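Values in this document were obtained by computation on a predicted structure and should not be read as measured data. Just so it is clear: chains get the letters A, B, ... in the order the sequence lines come, proteins before strands, and each one is counted from 1.
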Amino acid sequence: MLDRGLLRNEPDKVREASLNKGEPCPIDRWLLLDEERRNLLGSTESLRRRRNELSQEVSSLKKSGAPADSQIAESKKVGDSIGQIDKELSAIDREMAKVELRFTNIPDPDVPVGKDESANKIIRTSGVKPSFDFEPKPHWEILGNLFDQNASGDIAGANFILLRGWAARLQRKLINWMMNFHSEAGMEEIWTPFLANRESMTTSGQIPKLEYDMYHIEKDDLFLIPTGEVPLTNIYRNTTLNEGDLPVKLFGYTPCFRREAGSYGKDTRGLNRVHQFEKVEMVRFEHPDNSDKALEEMVIHVEKMLSLLELPCRISILATGDLSFAAAKCYDFEVWSAGQEKWLEVSSISNFRDFQSRRGMIRYKPAGGGKPLFVHTLNGSGLALPRIIAALIENNQTEDGKVRLPSVLSAKTGT
RNA sequence: GGAGAGGUGGCCGAGUAUGGCUUAAGGCGUACGCCUGCUAAGCGUAUGAGAUUCACGUCUCCGAGGGUUCAAAUCCCUCCCUCUCCGCCA
């Protein structure tokens with residue numbers, strides 16, 4: 001959600017942001033509603049004031065036994081007018097709230113402008129792509145039966161993962177390693193619900209835009225979380241923190257559920273694109289002055305993880321057209337996958353500034369006193385499992401179909 | 001799923017039977033001041049949020065939403081959440 005002052009005073013900035021991100025921009029409608037609303041508010045407030053005065057008069061007249069008929073009659077008339085105006089006002093309020101959820105966040109000034117991912121800028125590439133004296137295989141061939149698509153298909157359907165034996169254990173080991181890594185960096189470990197309600201989804205920004213990309217349990221109006229960002233961010237919904245509490249750094253493991261409707265076809269082989277995947281997610285609540293620095297810190301942190309996993313990686317800053325609805329700035333991490341010979345996205349790290357906190361009323365009380373202010377929220381994957389597994393397996397394969405894992409995983413050779 | 005008890009400002013908590021004298025008492029906490037060898041105590045003052053306005057101010061908010069009334073924290077309806085017990089179940 002954007003600040004009403006911004007919408008009111010700098011509509012061109014909002015238009016430009018929407019244009020660059022390729023999002024609709026109902027600013028003209030909003031401006032109209034806003035003006036109408038303020039007019040009606042003025043009328044209803046002075047009427048209410050009058051009614052309050054009359055109530056006082058009625059009260060004291062009755063106590064002294066005097067008649068209050070004329071006051072009561074006027075108050076009734078005033079009340080009717082209030083009722084009428086309030087009806088209009090609440091219709092406007094409802095529409096404004098709906099319209100406001102449709103404004104995308106404003107990209108940071110240093111975000112490259114461009115209509116899609118082709119305008120993303122690679123910041124740096126690290127690690128060395130492995131070379132082979134044989135033809136490297138894609139992970140689904142190396143894994144063979146350990147990646148049992150017949151079983152997952154029977155259990156749930158296409159594009160679900162079922163791992164067996166060594167592969168299943170590798171996933172568990174990786175989750176463990178990632179969580180220990182964050183823990184040692186001083187973040188608080190969180191275990192969350194994997195379903196979330198409509199308010200939570202609205203706060204983190206999945207609703208309204210992505211509502212139909214999520215699994216929805218109609219009976220209870222609950223959604224399967226598409227990312228751990230949702231429960232972690234909503235921990236402090238409708239909460240006022242103290243300035244001294246900031247920054248709050250959290251992480252948690254969650255499965256992530258995505259319908260991926262309409263995405264069948266390219267890039268869906270193997271572990272690349274699935275309906276349920278595992279992820280360890282980091283979320284930070286930051287003082288507004290510190291969120292830029294925090295974003296860079298998170299980038300370094302994730303880069304460290306990938307280098308320990310010995311995975312060649314490429315970091316890009318996303319162009320406006322590729323930036324998600326709620327984000328102001330985002331870095332993507334891709335790892336090299338030798339068998340498929342392509343880069344796979346394994347982490348995005350974003351600064352949302354006050355976009356989410358405004359939706360969810362996540363604030364902090366300034367130490368020097370004064371009104372509560374909105375925190376900045378950031379989040380980043382650390383990391384998404386299936387593609388990490390794919391890259392690990394492909395990059396470390398041997399000619400006889402085995403896998404030699406990097407030392408941090410201290411694993412025996414597989415398959 | 002059934003029965004019961006609750007939800008009031010940062011926290012605790014009064015007010016709900018009998019609607020108006022509560023534009024929510026009191027306490028704790030917090031901040032500042034006084035006092036004081038120091039600290040504590042004591043005394044004093046201040047201290048919720050949102051909307052709107054250039055401002056003074058005004059309006060709104062007692063879980064959420066509706067209703068009754070001249071007037072609702074208080075009466076009525078619907079829903080949500082928490083706690084206790086029962087049932088079912090990993």
**Q** Could you measure between the two C1' atoms, the one in B:G27 and the one in B:C76, and give it in whole Å?
**A**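 One C1' to the other, the span is 34 Å.
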**Q** Where is the tightest heavy-atom contact between A:A319 and A:V111, given as atom of each residue plus distance?
**A**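 Smallest heavy-atom distance, with atoms named: C-CG1, 4.0 Å.
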**Q** Measuring from A:E36:CD to A:I92:CD1, what's the distance to the nearest 0.5 Å?
**A**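 It comes to 4.5 Å.
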**Q** In terms of the angle between their ring planes, are A:H216 and A:F223 parallel, tilted or perpendicular, with boundaries placed at 30° and 60°?
**A**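 Ring orientation of A:H216 relative to A:F223: parallel.
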**Q** Report the distance from atom CG of A:N234 to atom CD1 of A:I362, rounding to the nearest 0.5 Å.
**A**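 It is 6.5 Å, given to the nearest 0.5 Å.
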**Q** Under a 4.5 Å cut-off applied to non-hydrogen side-chain atoms, are A:L405 and A:K173 in contact?
**A**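 Side-chain contact under 4.5 Å: no.
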**Q** In whole Å, measure the gap between the P atoms of B:A14 and B:G9 for me.
**A**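 One P to the other, the span is 13 Å.
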**Q** Using whole Å, report how far NZ of A:K62 lies from P of B:A71.
**A**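 It works out to 12 Å between those atoms.
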**Q** Below 3.5 Å is the cut-off: list the nitrogen or oxygen pairs between protein and nucleotides 49-60 of chain B, distance only.
**A**
{"unit_1": "B:A49", "atom_1": "O3'", "unit_2": "A:R363", "atom_2": "NH1", "d": "3.1"}
{"unit_1": "B:G50", "atom_1": "OP1", "unit_2": "A:R363", "atom_2": "NH1", "d": "2.9"}
{"unit_1": "B:G50", "atom_1": "OP2", "unit_2": "A:K371", "atom_2": "NZ", "d": "3.2"}
{"unit_1": "B:A51", "atom_1": "O2'", "unit_2": "A:R37", "atom_2": "NH2", "d": "2.9"}
{"unit_1": "B:U52", "atom_1": "OP1", "unit_2": "A:R8", "atom_2": "NH2", "d": "2.8"}
{"unit_1": "B:U53", "atom_1": "OP1", "unit_2": "A:R38", "atom_2": "NH1", "d": "2.6"}
{"unit_1": "B:U58", "atom_1": "O2", "unit_2": "A:E45", "atom_2": "OE1", "d": "3.2"}
{"unit_1": "B:C59", "atom_1": "OP1", "unit_2": "A:N52", "atom_2": "ND2", "d": "3.3"}

**Q** Take atom CD of A:E243 and atom P of B:G10, then tell me their distance rounded to the nearest Å.
**A**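 Taking CD of A:E243 and P of B:G10, I get 18 Å after rounding.
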**Q** Rounded off to whole Å, could you give me the CG-to-C1' distance for the A:D86 and B:G66 pair?
**A**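 Atom-to-atom, A:D86 to B:G66, this comes out as 14 Å.
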**Q** Taking for each residue the nucleotide of RNA chain B with the nearest heavy atom, is it A:S59 or A:K76 whose nucleotide lies nearer the 5' end?
**A**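 Between the two, 5'-proximity favours A:S59.
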**Q** Let me know the distance between CD1 of A:I72 and P of B:G19, rounded to the nearest Å.
**A**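 In whole Å, B:G19 P and A:I72 CD1 are 15 Å from each other.
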**Q** Calculate the interatomic distance between A:D221 atom CG and B:C79 atom P; express it in whole Å.
**A**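 Interatomic distance, CG of A:D221 to P of B:C79: 16 Å.
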**Q** What integer distance in Å separates A:D220:CG from B:C81:P?
**A**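 In whole Å, B:C81 P lies 10 Å from A:D220 CG.
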**Q** A:R198 CZ to B:A64 C1': how many Å, rounded?
**A**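 Taking atom C1' of B:A64 as the reference, CZ of A:R198 is at 16 Å.
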**Q** Roughly how many Å is it from CD in A:E199 to P in B:G63, rounded to a whole number?
**A**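 Between P of B:G63 and CD of A:E199: 18 Å.
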**Q** Should the pair A:D3-A:R353 be classified as a salt bridge under the 4.0 Å nitrogen-to-oxygen rule?
**A**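 A salt bridge is absent here (no side-chain N lies under 4.0 Å from a carboxylate O).
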**Q** Parallel, tilted or perpendicular: which fits the ring planes of A:F325 and A:F355, with parallel below 30° and perpendicular above 60°?
**A**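 Ring orientation, 0 to 90° scale: perpendicular.
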